Amino acid sequence: MAQTKKVGDHCSKPTLPLCRSSKCVKYGIVLDAGSSHTNLYVYEWPAEKENDTGVVHQVEVCKVEGLGISGYSQDTEKAGLSLQHCMKRAQEVVPEQQHRETPVYLGATAGMRLLSLQNRSMADRVLSAVEKTLRSSPFNFQGARVISGQEEGAYGWITINYLLGNFKQPGWLNFLPHLRSSRGTSGALDLGGASTQITFAPDQELIESQENSLHFRLYGKNYNVYTHSFLCYGKDQALRLKLATDLQSTQNGSLLDPCFHLGYLRIMNISDLYTNPCIANGEQQLPFTQLHLQGNGDYQRCRMTIQKIFNTSYCPYSSCAFNGIFLPPLQGEFGAFSAFYFVMNFLNLTTEKSPVPLDKATSAVESFCSRPWHEVKAEFPKIKEKYLSEYCFSGTYILSLLENGYGFTMEKWQNIQFLGKIGSSDAGWTLGYMLNLTNMIPAEKPPTRPLSHASYVGLMVFCSLVLVAVLLLSWLTFHKPKCLQKGLI
Ligand SMILES: Nc1ccn([C@@H]2O[C@H](COP(=O)(O)OP(=O)(O)OP(=O)(O)O)[C@@H](O)[C@H]2O)c(=O)n1
Ligand SMILES: [Ca+2]
């Protein structure tokens, strides 16, 4: 990718040999090894247009059964085995004659970032196990690695702006979808299980902290982009943070939790709550080993308990999100995807047309939280209990994060669009990652062919016909054959 600050230098050489199939289509595979699960994506694009924008699209997504790869730290072989089913699926999707030239990449996100912080050698063993499976496939294995939060934010931003056509040159702008800022790009909001990213092009030129600043040159244009990844503020880890905070004020391990529905019960081992670096110590001081959680479905109180996990008491910059992290004033439109979309879509808050206003979204979450668990369970029998039981917490967390964490006011909220897919492709970091590693986004605008070959031939034929017609007419005018002259008979 053309950028003065390279976000990923791993395997960045062009890897794709010339396409040999009759259709001249190329393929690329990316595995998104998230904290909660792994997805495999197959992308396709016409070989002769690979430097155009918006031509790469997703043709397959395969959801890996079981845990995210970091969940296999005690049984690392299983991390590799779990991927086999989706790798077979990819072999069916990509034509056999192109298997060897199709690159496959695996990027692991916050679950593996946390495991690396906790136990580096365990994380390396998990990566070796997945690498073994990927190497044994017929595809062109290009690496399995843990990507940084900064890369995750940057590639998510590139993906959505590429898919929305925002990197296209003026002249094409009339055809762009409405989700586009005045500066020509859309911000990206990604909520995972273990981390969350915010990335956008701010109005101000200066980004006050270096680690939040990216510079890209894409298709002949410069972009200064702000990004931050909040590790531990994905929705699963945020819930753990909240529970650990609430536990400090219980005496016996019983917790009346307003973020769960009335009648909902959950028993958790305290040791499971304290298994990663998000929740620093504290466990030793607790005189009980289990947490008995009992829901009482109260949105307002839930919001207050969530608020405690955002520290807004200090800010070493002109403005901050929370925990002393720099955040410039929000600018333009935003696309919110991953769990932002899953949760808001469940709550019917993702209309295609105009966004649901903030006060309406708040009322919807409030009324969902107030419903008793038995009623919710009866209405959605097909939804996984883990997801269903947490939608009240998740909806409230999303509102807190966006409103209090990032400062989306009633007005700015209208600029957020919750998106699952753009065209046939899922919104997420994987497409941007592949575009970068296959050098498919040029720094300079590729020389534009004024016309395609077919249009050129067509135009030539048309001009020739016009010329012949003009010549014929002139000849008829000046040399009328005798048979056409008046008064011959
Ligand atoms: N239909 C769905 C699917 C997922 N989830 C939740 O969404 C979160 C996971 O979102 P995802 O974007 O898949 O996260 P990961 O990629 O696994 O995590 P990370 O990016 O932090 O590594 C999980 O808490 C999961 O329970 C949900 O509520 N409803
Ligand atoms: Ca993710």
Side-chain angles (χ1 to χ4, degrees), residues 36 191 193-194 196 232-276 278-313 322-323 339 342-344 346-347 349 359 361-381 383-405:
S36 66
L191 178 62
T196 188
C232 303
Y233 286 81
K235 65 170 274 290
D236 299 328
Q237 291 302 332
L239 176 58
R240 284 168 162 229
L241 279 179
K242 184 200 95 78
L243 293 176
T245 312
D246 297 344
L247 269 179
Q248 303 302 319
S249 49
T250 68
Q251 306 302 317
N252 55 4
S254 291
L255 196 69
L256 207 55
D257 195 325
C259 299
F260 289 86
H261 298 276
L262 187 70
Y264 179 79
L265 293 172
R266 188 187 279 193
I267 298 174
M268 294 167 78
N269 288 330
I270 298 289
S271 56
D272 291 344
L273 204 58
Y274 291 89
T275 47
N276 70 41
C278 291
I279 300 156
N281 34 62
E283 183 185 1
Q284 307 88 312
Q285 292 132 37
L286 296 172
F288 39 82
T289 54
Q290 281 194 323
L291 160 66
H292 290 248
L293 183 154
Q294 215 181 320
N296 69 345
D298 181 336
Y299 168 81
Q300 295 297 346
R301 293 169 71 135
C302 171
R303 185 99 186 222
M304 280 171 354
T305 61
I306 289 175
Q307 201 48 48
K308 293 188 195 145
I309 69 171
F310 301 116
N311 184 348
T312 49
S313 65
F322 52 92
N323 298 357
F342 306 145
V343 173
M344 298 309 254
F346 171 81
L347 295 166
L349 298 172
D359 53 345
T362 307
S363 311
V365 179
E366 185 160 7
S367 101
F368 179 69
C369 287
S370 69
R371 296 178 65 184
W373 174 235
H374 70 85
E375 197 185 294
V376 172
K377 223 175 135 180
E379 188 176 338
F380 304 100
I383 298 187
K384 266 201 210 172
E385 190 165 314
K386 145 112 177 87
Y387 295 165
L388 190 62
S389 62
E390 291 179 10
Y391 283 133
C392 166
F393 163 77
S394 307
T396 314
Y397 177 62
I398 286 173
L399 293 173
S400 300
L401 176 66
L402 296 177
E403 232 185 312
N404 309 112

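Small disclaimer: the values here were computed from a predicted structure and weren't measured. Values reported hereafter were calculated over all heavy atoms of this structure, with side chains retained and with hydrogens, waters and symmetry mates removed.
The CD atom of Gln237 sits 4.5 Å away from the CG atom of Asn276 when rounded to the nearest 0.5 Å. In this structure, OG in Ser389 is found 5.0 Å from CH2 in Trp373, a value given to the nearest 0.5 Å. With values rounded to the nearest 0.5 angstrom, Arg303 atom CZ is found 4.5 Å from Glu403 atom CD. Residue Phe342 holds its CZ atom at 9.5 Å from CG of Leu191, rounded to the nearest 0.5 Å. To the nearest 0.5 angstrom, Thr396 atom OG1 is 9.0 Å from Glu366 atom CD. Rounded to the nearest 0.5 angstrom, Asp298 CG and Asp257 CG are separated by 10.5 Å.
Closest of all the heavy-atom pairs between Leu255 and Thr250 is CD1-CG2, 3.3 Å. Residues Lys235 and Phe393 approach most closely at O-CE2, 3.5 Å, considering heavy atoms. When all heavy atoms of Leu241 and Cys232 are compared, the closest pair comes out as CD1-O, 3.5 Å. Heavy-atom minimum distance, Val343 versus Gly395: CG1-N, 3.7 Å. When all heavy atoms of Ile398 and Ala339 are compared, the closest pair comes out as CD1-O, 3.9 Å. Residues Phe368 and His261 approach most closely at O-CE1, 3.0 Å, considering heavy atoms.
Looking at heavy atoms from C-beta onward, Asp236 lies in side-chain contact with Lys386 at the 4.5 angstrom threshold. Annotation: side chain of Leu388 is not in contact with side chain of Tyr264 (no heavy-atom distance under 4.5 Å).
Here the side chain of Asn323 pairs a donor or acceptor atom with the backbone of Asn311 at under 3.5 angstrom. In terms of modelled atom types and a separation under 3.5 Å, the side chain of Asn252 and the main chain of Ser254 share a donor-acceptor contact.
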*Could you go step by step and tell me if Ile306 and Asn404 meet the side-chain contact (heavy atoms from CB on, under 4.5 Å) rule?*
CA-CA 10 Å; Ile306 289 175; Asn404 309 112; over 6 Å; no
*asked:* Determine whether Thr362 and Tyr299 satisfy the following criterion, side-chain contact (heavy atoms from CB on, under 4.5 Å), listing intermediate values before the conclusion.
replied: CA-CA 9 Å; Thr362 307; Tyr299 168 81; 3.4 Å; yes
*Using the salt bridge (Lys or Arg N to Asp or Glu O under 4.0 Å) rule, take Asp246 and Lys242 through it: C-alpha gap first, then chi angles, then the decisive distance, then the call.*
CA-CA 6 Å; Asp246 297 344; Lys242 184 200 95 78; 2.7 Å; yes
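The aromatic rings of Tyr391 and Tyr387 sit tilted relative to each other, their planes meeting at an angle between 30° and 60°. Using cut-offs of 30° and 60° on the angle between ring planes, the pair Tyr233 and Phe310 is parallel.
For Arg301, the CZ atom is loosely surrounded, since the number of other residues' heavy atoms within 6.0 Å does not exceed 12.
Cys392 pairs with exactly one of Cys259, Cys369, Cys302 by the disulfide (SG to SG under 2.5 Å) rule, that one being Cys369.
Salt bridge annotation for Glu390-Arg266: present, with a cationic side-chain nitrogen under 4.0 angstrom from a carboxylate oxygen.
Gln307 is linked by a side chain to side chain donor-acceptor pair (under 3.5 Å) to nothing, counting only residues two or more places apart in sequence or in another chain.
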